[in-house]
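These notes are about the structure you will find just below.
Every number for a ligand or one of its atoms is a count from 1 in the order of the listing. The figures that follow rest on heavy atoms only: side chains count, while hydrogens, waters and symmetry mates do not.
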Amino acid sequence: MKPLRIACFGAGMIGRRHIDTILACPEEATLVGVADPLIGADAYPPVRAPFFRSHTELLDAVKPDAVVIATPNNLHAPQGIDCCRRGIHFIIEKPVTESLETAAALLKEVRRSGVATLTGHHRRYHASIRAAKRILEEGRIGRLVGVSVLWATRKPDPYFDAAWRREPGGGPVLINLIHEIDLLRHLGGEMASITGMVSNAVRSFPVEDTAGAVISFANQAVGTILCSDTGLSPWTIEQGTGESPMFPRSGENSYRFIGTEGALELPNLKLWNARDPKAVGWDKPLSVTPLPVADTDPYVEQLRHFRRCIQEGEAPVVSAEDGARTLVATLAVGESGRTGRPVALKAAFERLAD
Ligand SMILES: NC(=O)c1ccc[n+]([C@@H]2O[C@H](COP(=O)([O-])OP(=O)(O)OC[C@H]3O[C@@H](n4cnc5c(N)ncnc54)[C@H](O)[C@@H]3O)[C@@H](O)[C@H]2O)c1
């Protein structure tokens, strides 16, 4: 095994998390460059690698094996395409691109080039999420009937000083709910249609502050999500896991999967079943089993997996195409909210493959 020669586009909030992850995993990767037009070496001293003002300058000078694309959404597609044309593998932050048209253009180049891709839906790498996937696949809650998800926290007022966060596209649907949609696709199965509702009643910005989604899965299970960045609560996956220093840990569960034989709470796994499997019903007692899982850093797991995808041909946990499907389903929440009609997803999924 040889460490990947990896570079990072964008040294902003999430770019630095990727940079720190690379620096902490010398056996997996060596940081060979950073591209950011606004941030230089003096602003981020832990980095010894050269800084560049443009990503193409970096690509041509350093010729990395792989890059992390952690720039604003509208740069993901052009920068990803530049990587494809040079045969460079990439992790691309979510949302994979800002629109379905640019996602389709990027996927065309990915297919043509054969580069390995991951979309930065890092939560799929949490130990608890991997354990939940196994539990659901083993049928330990029976046939999946539905799932209920909450993501509600109040973003502080200075968060909205950046104008783009007050405009359509900068709100909780594309920034936060997209992670819930991705996890539900991962754990619950592919989605068939979505009915959405959006509201800007509290802040009155052009962008939504609260959204709801009712999901019909292809396996006929039903899901609901309430997502708000204006309501104060302990129920977000970030607070449940403590994955981000920005979110003090609450330890609360915000996902509830319901099956014919039991239920599963996430992210701190709690499995509910009938105390006597032969006596199932609302008049019979339940047992609850807490399932402790070791904490792992999902960004480290993502980087390790990325190296194995490139060097050992491991199948990607969440490829650019998978990320584009999550984008299709997420954009459907806003579309349905505007039209008041459910949005069927199959045709949009197929258009990504054209
Ligand atoms: N996975 C997650 O949980 C997660 C969390 C936050 C952000 N993100 C995603 O990561 C991306 C970046 O978000 P952020 O919060 O770090 O934003 P940010 O504004 O903090 O950082 C973006 C950086 O990109 C730089 N940049 C701008 N144009 C560039 C260019 N042409 N080439 C290279 N760098 C350029 C900016 O100067 C800035 O430093 C977004 O797509 C966002 O949705 C993902």
* Structure fact -> A student checking ligand 1 against His76 at a 4.0 Å heavy-atom cut-off should list atoms 41 (O)
* To do: With salt bridge (Lys or Arg N to Asp or Glu O under 4.0 Å) as the test, would you mind laying out the steps for Glu243 and Arg249 before giving the verdict?
  => CA-CA 8 Å; Glu243 69 172 31; Arg249 189 167 195 269; over 6 Å; no
* Structure fact -> Looking only at protein heavy atoms, what sits closest to atom 9 (C) of ligand 1 is Lys94 O, 3.4 Å
* Structure fact -> Heavy-atom nearest pair, Ile175 first then Gly170, reads CG1-O, 3.7 Å
* Ligand-side contact atoms (ligand 1) for residue partner Gly120, heavy atom cut-off under 4.0 Å -> 1 (N)
* **Thr71, portion touching ligand 1 at heavy-atom distance under 4.0 Å** => both
* To do: Give the residue and atom name of whichever protein heavy atom lies nearest to atom 10 (O) of ligand 1, and the separation in Å to one decimal.
  => Ile14 CG2, 3.1 Å
* Would you say Arg124's side chain and Val317's backbone share a donor-acceptor pair under 3.5 angstrom? -> yes
* To do: Starting from atom 28 (N) of ligand 1, find the nearest protein heavy-atom neighbour and note its residue, name and distance.
  => Leu75 CD1, 3.3 Å
* Structure fact -> So for Ala70 against ligand 1, with non-hydrogen atoms under 4.0 Å, the contacting part is backbone
* Let me see the working for Arg123 and Glu238 under salt bridge (Lys or Arg N to Asp or Glu O under 4.0 Å), right down to the final yes or no. => CA-CA 10 Å; Arg123 290 205 194 129; Glu238 290 92 330; 2.9 Å; yes
* Does any non-hydrogen side-chain atom of Thr119 lie less than 4.5 Å from one of Thr326? -> no
* Side chains of Val68 and Phe90: does their closest heavy-atom pair fall under 4.5 Å? -> no
* **Closest protein heavy atom (residue, atom, distance) for atom 21 (O) of ligand 1** => Gly12 CA, 3.2 Å
* **Arg17 heavy atom under 4.0 Å from ligand 1** => no
* Looking only at heavy atoms, which two atoms of Val96 and His76 are closest? And how far apart? -> O-CB, 3.1 Å
* Structure fact -> Of all protein heavy atoms, the one nearest atom 33 (C) of ligand 1 is Ala35 O, 3.3 Å
* Just by distance, with hydrogens left out, do His55 and Asp82 show a side-chain donor and acceptor under 3.5 Å apart? -> yes
* Asked: Distance below 4.0 Å between atom 17 (O) of ligand 1 and any protein heavy atom?
  -> no
* Is ligand 1 less than 4.0 angstrom away from at least one heavy atom of Arg16? -> no
* When clusters are formed by joining ILVMFWY residues with side-chain heavy atoms under 4.5 Å apart, either directly or through shared neighbours, do Val147 and Leu183 land in the same one? -> yes
* Structure fact -> The ring-ring contact (aromatic ring centres under 6.0 Å, His included) partner of Tyr299 among His305, His121, His122 is His122
* Identity and distance of the protein heavy atom lying nearest atom 27 (C) of ligand 1 -> Pro72 CD, 3.7 Å
* Which residue from Gly10, Pro37, Cys8 reaches closest to atom 35 (C) of ligand 1 through any of its heavy atoms? -> Pro37
* Asked: Counting each atom of ligand 1 from 1 as listed, which ones have a heavy atom of His179 under 4.0 Å away?
  -> 1 (N), 2 (C), 3 (O)
* Nearest neighbour in protein (non-hydrogen) for atom 38 (C) of ligand 1 -> Asp36 OD2, 3.5 Å
* **Minimum heavy-atom distance Trp235-Gln239, with the two atoms named** => N-OE1, 3.7 Å
* Asked: Quick one: which of Arg165, Lys155, Arg154 gives a side chain to side chain donor-acceptor pair (under 3.5 Å) with Asp229?
  -> Lys155
* **Region of His55 engaging ligand 1 - heavy atom pairs below 4.0 Å** => neither
* Structure fact -> If you compare Asn73, Val34, Asn74 by their heavy atoms, the one closest to atom 41 (O) of ligand 1 turns out to be Asn73
* Under the 6.0 Å and 45° cation-pi test, does Arg325 pair with Phe349? -> yes
* Structure fact -> Counting from 1 in the order shown, the ligand 1 atoms closer than 4.0 Å to a non-hydrogen atom of Ile39 are 39 (O)
* Which atoms from ligand 1 have a heavy atom of Leu38 less than 4.0 Å away? -> 37 (O)
* Pro95 heavy atom under 4.0 Å from ligand 1 -> yes
* Does Arg16 make a cation-pi contact with Tyr44, if we ask for NZ or CZ under 6.0 Å from the ring centre and within 45° of the axis? -> yes
* Structure fact -> Restricting to heavy atoms, the pick from Glu243, Gln79, Glu238 nearest atom 30 (C) of ligand 1 would be Gln79
* No-hydrogen, no-angle side-chain donor-acceptor test under 3.5 Å, Thr230 and Asp209 -> no
* Could you see which bit of Tyr299 sits under 4.0 Å from ligand 1, with heavy atoms only: side chain, backbone, both or neither? => side chain
* Can you find an N/O atom of Met13 closer than 3.5 Å to an N/O atom of ligand 1? -> yes
* Among all protein non-hydrogen atoms, which one is nearest to atom 44 (C) of ligand 1, and what is the separation to 0.1 Å? -> Glu93 OE1, 3.1 Å
